[in-house]
Amino acid sequence: METKSWKEIKDSVYGKKGTERRDELDRDFESFKIGLLLRKAREEKHLTQSELADLVDKKREYISKIENNGSNLTLKTLFDIVEKGLGGKVKISIDL
């Protein structure tokens with residue numbers, strides 16, 4: 001049995017980088033990572049989802065949804081959560 005790398009599996013199942021299906025997978029993964037980063041930051045600040053939601057004038061369910069899948073998160077909300085809610089700063093980079 002041949003062992004394949006994660007990159008080889010992604011290439012064969014989702015297509016090579018630059019194809020629509022692969023780009024969608026990569027975007028979804030980045031959204032998922034944002035959710036995980038926000039959850040980790042919230043937990044490090046010893047805040048519940050409800051407490052964070054109150055700080056940024058959102059519902060607890062919305063914070064939960066973002067932490068489980070960061071998609072559909074606007075930049076304004078991201079900045080509010082990180083700056084107002086967590087007391088941090090957002091750094092964004094673009095790779096071309």
Side-chain angles (χ1 to χ4, degrees):
M1 177 183 225
E2 180 186 340
T3 303
K4 291 186 176 184
S5 71
W6 176 237
K7 182 189 178 310
E8 290 170 325
I9 293 169
K10 288 191 300 187
D11 286 351
S12 67
V13 174
Y14 293 97
K16 300 235 181 243
K17 271 193 178 291
T19 61
E20 186 176 343
R21 189 161 184 224
R22 175 65 175 273
D23 289 348
E24 184 179 342
L25 172 74
D26 291 341
R27 277 191 303 273
D28 288 348
F29 182 66
E30 289 301 315
S31 295
F32 179 73
K33 283 190 337 189
I34 289 170
L36 290 177
L37 289 170
L38 290 173
R39 174 184 292 152
K40 182 178 180 218
R42 175 183 58 76
E43 290 172 346
E44 286 175 1
K45 291 288 187 172
H46 305 290
L47 292 171
T48 65
Q49 288 179 343
S50 295
E51 290 167 334
L52 178 57
D54 288 344
L55 290 170
V56 296
D57 199 29
K58 299 287 182 192
K59 294 183 186 289
R60 186 210 57 83
E61 293 81 7
Y62 183 72
I63 299 298
S64 175
K65 185 176 177 183
I66 289 171
E67 289 183 356
N68 288 304
N69 179 4
S71 64
N72 295 326
L73 174 65
T74 66
L75 284 176
K76 180 190 180 322
T77 301
L78 177 61
F79 278 92
D80 283 350
I81 289 171
V82 172
E83 294 177 354
K84 292 179 186 175
L86 301 170
K89 291 287 179 197
V90 174
K91 293 181 185 178
I92 297 174
S93 68
I94 297 174
D95 295 331
L96 298 175

Just so I know, are the side chains of Ile63 and Ile81 near enough to count as touching, which here means a heavy-atom distance under 4.5 Å?
yes
Do Leu75 and Tyr62 sit in the same hydrophobic cluster, where Ile, Leu, Val, Met, Phe, Trp and Tyr count as joined when their side-chain heavy atoms come under 4.5 Å apart?
yes
Contact summary for Asn68 and Phe32, nearest pair of heavy atoms
O-CD1, 3.9 Å
Does the pair Lys40/Glu44 count as a salt bridge with the N-to-O cut at 4.0 Å?
yes
Taking all non-hydrogen atoms of both residues, which atom of Ser31 and which atom of Asn69 are closest, and how far apart?
CB-OD1, 4.0 Å
Atom pair CZ (Arg39) and CG (Leu37), whose distance is rounded to the nearest 0.5 Å:
11.0 Å
Flag yes if more than 12 heavy atoms outside Tyr14 fall under 6.0 Å of its OH atom; otherwise flag no.
no
Assigning hydrophobic clusters by single linkage (Ile, Leu, Val, Met, Phe, Trp, Tyr; side-chain heavy-atom cutoff under 4.5 Å), is Trp6 placed with Val13?
yes
When rounded to the nearest 0.5 angstrom, what is the spacing between NZ in Lys59 and CG in Asp54?
11.0 Å
Interatomic distance, NZ@Lys58 vs OG@Ser50, rounded to 0.5 Å, equals 15.5 Å
When rounded to the nearest 0.5 angstrom, what distance separates CG in Leu73 from CD1 in Ile66?
4.5 Å
Give me each pair satisfying side chain to side chain donor-acceptor pair (under 3.5 Å) with a member in residues 18-27, each pair once, sequence neighbours excluded.
Asp11-Arg22, Lys17-Asp26
Nearest 0.5 Å please: distance from the CG atom of Leu25 over to the CD atom of Glu30.
10.0 Å
Side chains of Leu86 and Leu55: closer than 4.5 Å at any heavy-atom pair?
no
Below 4.0 angstrom, N of the basic side chain to O of the carboxylate: do Lys45 and Glu51 qualify?
no
Does any N or O in the side chain of Ser12 come within less than 3.5 Å of the main-chain N or O of Glu8, such that one atom is a donor and the other an acceptor?
yes
Can you tell me if Lys10 has over 12 outside heavy atoms packed within less than 6.0 Å of its NZ?
yes
Can you pull the salt bridge (Lys or Arg N to Asp or Glu O under 4.0 Å) pairs that have at least one residue in residues 82-91, sequence neighbours excluded?
Asp80-Lys84
Minimum heavy-atom separation for Leu52 to Arg42, with atom names?
CD2-CD, 3.8 Å
Measure the spacing between CD of Glu43 and OG1 of Thr48 and express it to the nearest 0.5 Å.
11.0 Å
